[in-house]
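One structure is given below, encoded as structure tokens.
As the structure is a computational prediction, the values presented were derived from the model and not from experiment. Only heavy atoms go into these numbers, but all of them, side chains included; no hydrogens, no water, no symmetry mates.
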Amino acid sequence: MDLMGTPTHPHTPDCAATTAGLLPVPATLPQWERTMQRARAAGQMGQMAMALALALRLVQQTPPAGREDDCIAALVVSHLNVADLQVQAAEPDAAARLLGRAHGLLRSLVADGRCGAALRQAAWRHGRETHAALLAHVRSHGSHPAITQALAGGGLAGLSS
């Protein structure tokens, strides 16, 4: 899927991999925080998309020790914010795909034994937020295949480390 949740090819995060071509330099949490501040102030989809790209990059790299939870929180917040913007733009299908993707990314991180325990635990803890967002989207906009698939994968509780 691209940054807006449009399917392109299946992707599961690889804790040892980097995303070539996404950004010329490694993403940092302060860089994501600055982008989010600009995005909130501007309310522009382009800034939110950049924040989402940075957040994805944060978890595809090895997060700084002790900042794993912050990096996962950045990932979740970015996905939820972009999904909200998509709903505001009358694109609830795109929002549903993005929310399903966020939940799937967290499930993948929790299940990936190559990831450090702190990153897997942070993904597990933040999974309740994506799960709640999926359910809220269904309540507001009805069922969607991407959400059905994300929820069919079960909760993150069974994947705890």
Could you walk me through whether Leu105 and Leu56 pass the side-chain contact (heavy atoms from CB on, under 4.5 Å) check? CA-CA 9 Å; Leu105 285 169; Leu56 286 167; 3.6 Å; yes
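By the side chain to side chain donor-acceptor pair (under 3.5 Å) test, Ser143 pairs with Thr148, sequence neighbours left out. Listed by chain and number, the residues in a salt bridge (Lys or Arg N to Asp or Glu O under 4.0 Å) with Asp84 amount to none (sequence neighbours excluded). Residues meeting the salt bridge (Lys or Arg N to Asp or Glu O under 4.0 Å) test with Asp70, sequence neighbours left out: Arg67. With sequence neighbours excluded, the residues satisfying side chain to side chain contact (heavy atoms under 4.5 Å, CB included) with Leu80 are Val76, Leu99, Ala133. In this view, His137 and His141 satisfy the ring pair (Phe, Tyr, Trp, His ring centres under 6.0 Å) rule, not counting sequence neighbours.
Among all heavy-atom pairs drawn from His126 and Ala73, the shortest one is CE1-CB, 3.7 Å. Counting all heavy atoms, side chain and backbone alike, Ala95 lies closest to Val87 at CB-CG2, 3.6 Å. Heavy-atom minimum distance, Ala74 versus Leu29: CB-CD1, 4.3 Å. The minimum heavy-atom distance linking Leu134 with Ala150 is given by the pair CD1-CB, 3.9 Å.
Once rounded to the nearest 0.5 Å, the distance linking NE2 of His144 with CG of Asp93 reads 4.0 Å. How far OG of Ser140 is from CG of Leu135: 11.0 Å, rounded to the nearest 0.5 Å. With values rounded to the nearest 0.5 angstrom, His103 atom NE2 is found 6.5 Å from Leu151 atom CG. Atom CG of residue Leu52 and atom CZ of residue Arg57 lie 13.5 Å apart, to the nearest 0.5 angstrom. In this structure, the separation between CG on Leu109 and CG on Leu75 is 7.5 Å, given to the nearest 0.5 Å.
Side chain of Glu68 to main chain of Gly66: a donor-acceptor pair is present (N/O by atom type, distance under 3.5 Å, no hydrogens or angles).
Within the 4.5 Å cutoff, no side-chain heavy atoms of Thr130 are placed close to those of His79.
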